[in-house]
Amino acid sequence: MTFGTMLTTMAEGMLKTILLFVLTLVGSLPLGMLVVFLKKSKFKPVAWLTDIYIAIMRGTPLMLQLLVWYFGPYYLFGMSIRGYKFPALLIGFIMNYAAYFAEIYRSGIDSMPVGQYEAAEILGYTKLQTFMRIILPQVIKRILPSVTNEVITLVKDTSLASALAYAEVFSLAKQISASQTSFLPFVIAGVFYFVANYVVAWIMNRIEKSMQYYK
Amino acid sequence: MSEMTEKEMNTENSTEQSLTGREVLKMTGIKKQFGDLEVLKNINLCVRHGEVVSIIGPSGSGKSTLLRCATFLEKIDGGEIIYLDKKAATTSHSGKVFYTGKAEMKEIKQYFGLVFQQFNLFPHHSVLKNIMEAPVRVLKRDRAEVEKEARALLEKMGLADKADQYPCNLSGGQQQRVAIARALAMKPEVLFFDEPTSALDPELTIEVLKIIRQLAEEKMTMVIVTHEMSFAANVSNRVIFMDGGVIVEEGDPKEVFGNPSQERTKQFLKSYKE
C-alpha cells in the first residue's frame, strides 16, 4: 500500500472522527447547561439523581460506558443493535461530556459575585433575563480555559470509539498498521490529532481574546 | 385617597409640588433575624417625597440590613412595608409575613433604586449599556429615547466622554457615578444608597458626594446609609442614628449632630471627632 492510498483510506476515518467530535460538542455543550439546572433544582430527588449521574459519568471509564450504551439494549432488552453503533457512540460521548461540562459551568456560575444578581434584581430583571444577559456572558468568559481543556481532551477521546470497532481514524490506523506491518498509519493518526487540536486551541484562543475587552 | 388622584400623582411629573410631603416609603415594626441574632428590632421608618434621610451608626447596627429589607434583597421577619400606598409586605396576627403578588411587586420595585457600596456595575457592558439596558429591557422603553436620557445623565455625572468605556477602565469614583446614573435612568421615586463611598479613597469620595448633594438640591428623595458624618449633617433633612438593631435617635441633623439627646449617640459621634 502506497502512502497515498494509506492517506486516502484514513481520510475517511478522519471525517468520521471530526463528525463524532462536532456532534458530541453540539449535543453536550447545551446538555451540560441543562444538567446544571437539574443539579441546582430545589426539588431534592432531581438534584440527587443528577449527582448520581455525574458521579457515574466521571467515575467509570468512558470506554466502558460506550460498551454499555452499545450492547446494553441487547443484553437488557434483547433488542437488535444492528445499525445502532453510531447513535450509541454519540449518546455515550454526549452523556459523558455533558457531565464534565456541567461541572465546569457550575464552577463558573458559583464564582459569580452575588452583587451581580442583586444589581439585576434591583433593576427589575427577571430571573431569565438576569441569567441570560448578566450571568451567562460573564460565566462563559470565566470558564473558557477549562472548556478548552475539555474540548482538546474530546478530540483525543474520540479514539475510544475504536472499542466498538467504529471506523474512525484510530481504528483504521490500527487495522492498516496490522495488515501492512507498518508504523506509518500511527504517525498519520498522531499528526492528525495534533493538527486538529492545534486548530481547536487556535479557535478557542481567538474566542478568549474576543472577550478580553473587559475584566 | 381616591383612585383618580393616586393615578394622577403617579403619572404626572408636573404635580411634583403636591407630591412633596407624601409618604413614599413607610416601614413599620420591621423585624429581621439572622439565626438567633436579632438584627432589626421593631424599626419604624417613614420617608417623604423630596426628603433626604441619612442613616448613621456603627458597623453591625443594622443600617445596611434595613436598606436591604426596604429593597427586598432581604425578607423581613415581621412588620409592614408600604410604598406609595401599595402594601409590599404585611404581617398577619399570627406573625406570618406576606409579600404581595408578583405583578404588584414588579410595579413596586420600580419605585426605588439602590446604589451599592461595591457599585456592582455589569463589567461586560459598556458604561452606556449599563445605564440603558434596564430601561430598554425591563421598562420596554424606546431605545433612542433612553439613549438620549442616558447620555444626559452621563453629562450630569461629568462622564460624557466615558459612554463607550468599560467599567474596568474607570476609577472607583467614576464607577459609582455610573451606578448612580444607572439607578436614575429607571426614574425611581426614592433612591437608596448603601455606604456609597465606603469603597472609595477620600478624593474619589468627594466627587461622588458632590453628585449626591446635587441630587438633594434637585429634591430627589434619598435614603443614605453613610459613615460620612459631615456630609450627612450638610445634605440631609433628617438623620437616623441606629445601634444594636434599634433607632436610638432621630431628627434634624443640627440637633442630632450638635446636641444629641442620647448618651449612645454622643459616644458614637465622639469617635468621629478624634
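Every chain is numbered from 1, with letters handed out A, B, ... down the list of sequences.
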Portion of B/Phe122 that has a non-hydrogen atom of chain A nearer than 4.5 angstrom: both

Atom pair CE/CG of B/Met27 and B/Leu25 - distance to nearest 0.5 Å: 6.0 Å

B/Glu133 portion near chain A, given a 4.5 angstrom heavy-atom threshold: both

B/Gln165 backbone acceptor or donor facing B/Asn169 side chain under 3.5 Å: no

Between B/Gln33 and B/Asp77: side-chain donor-acceptor atoms closer than 3.5 Å: no

Best-contacting candidate, B/Lys106, B/Arg68, B/His125, against chain A by heavy atom pairs under 4.5 angstrom: B/Arg68

Under 4.5 Å from a heavy atom of chain A, the part of B/Arg182 involved: both

Residue, of B/Met186, B/His124, B/Lys109, that accumulates the most heavy atom pairs under 4.5 Å with chain A: B/His124

Side chain, backbone, both or neither of A/Tyr117 within contact of chain B (heavy atoms, under 4.5 Å): neither

Step-by-step side chain to side chain contact (heavy atoms under 4.5 Å, CB included) determination, A/Lys40 to A/Asp110: CA-CA 11 Å; A/Lys40 286 184 174 288; A/Asp110 289 352; 2.8 Å; yes

Aromatic contact, B/Phe112 with B/Phe72 (centres under 6.0 Å): yes

Heavy-atom proximity to chain B below 4.5 Å, by part of A/Gln129: side chain

Heavy-atom proximity to chain A below 4.5 Å, by part of B/Leu139: neither

A/Phe170 and A/Tyr193 aromatic ring geometry - parallel, tilted or perpendicular at 30°/60° bounds: tilted

